[in-house]
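Starting from 1, each residue takes its place in the sequence as its number. In listed order, ligands and their atoms are each counted from 1.
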Amino acid sequence: MQSFININRSEPKKTEVKERVKHFDEIYTLYNRSKLAQQADRCVQCGDPFCSANGCPLSNAIPQWLLAIAGNDLKKAFLLSNETSPFPEILGRVCPQANLCEGACTLADGYGAITIGSIEATITDLAFQQGLSIEFPPLRPNLKVAVVGSGPASMSAAHFLLRAGIKVEMFERADRAGGLLTYGIPGFKLSKDIVDSRIELLKKAGMVLHLGTTIGVDLSLKHLHDSFDAVFLGVGATGGKRSGLTNEDHPSVFIAMEYLTHIQKKLFGMDSDPRFSVKGKKVVVIGGGDTAMDCLRTAVREGAESVKCLYRRDEVNMPGSPKEYINAREEGVGFLFNASPRKIELGKQGDIAGVELVRTRLGKPGEDGRAQIEEIPRSEFCAPADVVILALGFDIESVSYLSEVGVEVNRWGQVVVDAQTGKTSNPKIYAGGDCQRGADLVVTAARDGRQAALAITLELLGNN
Ligand code: SF4
């Protein structure tokens with residue numbers, strides 16, 4: 001330990017830009033065994049590990065698994081890492097670590113934070129490659145929980161329920177499981193094989209997966225409520241926010257998630273709608289978060305002539321992860337900051353001609369603490385575009401079946417839950433992830449799923 005004085009932070013190697021933009025494979029090559037131990041050995045094992053206590057929403061035992069892998073004990077590191085996290089190899093890839101565990105690392109000031117995310121992902125990748133697995137106990141015959149949705153909150157709830165020996169049946173409306181992890185996060189950040197492996201692990205542990213099953217259409221929530229000992233709702237926030245811009249209902253204006261889902265379906269070999277082809281076109285993405293970066297980098301790989309990001313604030317105030325912003329820049333994405341869209345302009349043939357924008361500057365902080373945006377008078381201009389993608393956040397899809405079983409929602413359509421347990425106003429139904437908190441990180445959804453699974457376990461095992 002304390003090798004941080006001699007050994008610098010070293011991130012995993014990325015594929016060369018000209019190669020990586022030709023496909024959707026992951027761009028990072030994770031560490032080999034010796035590099036893994038070397039980077040983990042930089043951890044100073046500080047007495048007050050903020051990485052775990054303040055940085056990681058799952059409070060993962062980061063110093064402990066770093067110590068184990070620095071000592072070359074892969075099995076111990078793997079088991080420790082998988083004790084609190086439902087899928088460390090996924091979170092190590094997709095968490096915005098600079099804002100979480102690595103941002104809170106004691107070495108972040110001056111020496112360079114431990115590469116916690118990459119080490120975390122590599123530990124479980126290597127362990128699986130070596131045939132290590134997670135132990136699940138035999139399932140109790142008399143208890144079963146229905147999990148609605150198969151995204152991160154649901155996968156997490158299923159994982160921890162199965163770990164407690166409780167049977168799980170998962171209901172997913174799509175043709176594949178994984179939700180956002182499968183259809184929302186592109187393969188260059190998260191390989192679909194990694195997601196599939198986790199789903200397979202849950203199935204091997206006894207989870208029954210029902211694909212192509214829409215609750216409220218194929219099965220009622222009331223039916224699940226009456227047939228299972230508890231229900232967990234992890235249906236996400238899948239409705240994309242609209243901008244209210246003139247002409248935003250044009251067929252060449254896409255909502256981010258419909259675009260990303262369509263491209264992933266195409267990559268899975270499903271039918272492709274030519275409307276979503278951006279080859280040879282000028283693509284403009286409105287928004288500055290990680291989903292905007294995903295759309296931009298996807299459009300690059302889809303052969304767009306040019307790809308540009310429009311964002312109302314400046315570079316410093318972008319909400320996305322700095323890592324993804326740098327990757328997008330490296331891949332040729334252009335950025336136009338301090339520009340607020342006014343309307344989508346159409347050409348004479350009815351095609352999109354561009355986005356009319358007005359220059360902005362940042363004013364005093366508003367109620368949310370963020371600098372307010374002021375439009376600069378008479379500064380309008382047009383950014384040429386053939387396709388516009390709106391990456392402005394997510395709304396909860398309104399579903400009527402919740403009221404049928406007395407599940408309360410707030411005025412934004414979010415399921416109201418007890419903050420400690422995830423229990424809804426119906427005592428047999430729990431909820432977690434974006435459907436109860438609004439669009440948030442994968443790791444917070446994972447924490448919600450874990451918390452609800454624990455509460456359900458205490459409730460059910462307390463009665464048995
Ligand atoms: Fe860091 Fe996310 Fe892993 Fe927690 S789950 S240790 S925040 S990468």
Practice task
Look at K189 together with E26 and state whether they make a salt bridge at an N to O cut-off of under 4.0 Å.
Solution key: no
Exercise for the section: Would you mind running through ligand 1 and noting each atom that sits below 4.0 Å from a heavy atom of L100? Expected result: 7 (S)
Problem - Atom indices of ligand 1, in the order listed, that fall short of 4.0 Å to a heavy atom of V443 - result: 5 (S)
Practice task
List every atom of ligand 1 that sits less than 4.0 Å from any heavy atom of Q97, numbering the atoms from 1 in the order shown and giving each element.
Solution key: 8 (S)
Handout entry: Minimum-distance protein heavy atom relative to atom 3 (Fe) of ligand 1
Key = E120 OE1, 2.3 Å
Practice task
Within a distance under 4.0 Å of any heavy atom of C56, pick out the atoms of ligand 1 and give their elements.
Solution key: 4 (Fe), 5 (S), 6 (S), 7 (S)
Completion exercise
Under 4.0 Å from one or more heavy atoms of N60, ligand 1 contributes atoms 3 (Fe), 4 (Fe), 5 (S), 6 (S)
Exercise for the section: Evaluate the side chain to side chain contact (heavy atoms under 4.5 Å, CB included) criterion for residues N317 and R312: first the C-alpha distance (whole Å), next the side-chain angles of each, then the deciding distance (0.1 Å), finally the verdict. Expected result: CA-CA 9 Å; N317 283 285; R312 296 185 304 165; over 6 Å; no
Exercise for the section: Output yes when D125 and R93 qualify as a salt bridge under the 4.0 Å nitrogen-oxygen rule, no when they do not. Expected result: yes
Handout entry: Region of L91 that comes within reach of ligand 1 [heavy atoms, distance under 4.0 Å]
Key = both
Exercise for the section: Measure from the ring center of F276 to the ring center of F254 and say whether it is less than 6.0 Å. Expected result: yes
Problem - V407 backbone acceptor or donor facing N426 side chain under 3.5 Å - result: no
Handout entry: Geometric cation-pi criterion, K265 with Y183: 6.0 Å, 45°
Key = yes
Practice task
Starting from atom 1 (Fe) of ligand 1, find the nearest protein heavy-atom neighbour and note its residue, name and distance.
Solution key: C101 SG, 2.3 Å
Practice task
Give a yes or no on whether C95 keeps an N, O or S atom under 2.8 Å from atom 2 (Fe) of ligand 1.
Solution key: yes
Handout entry: Electrostatic pair E135-R163, nearest N-O below 4.0 angstrom
Key = no
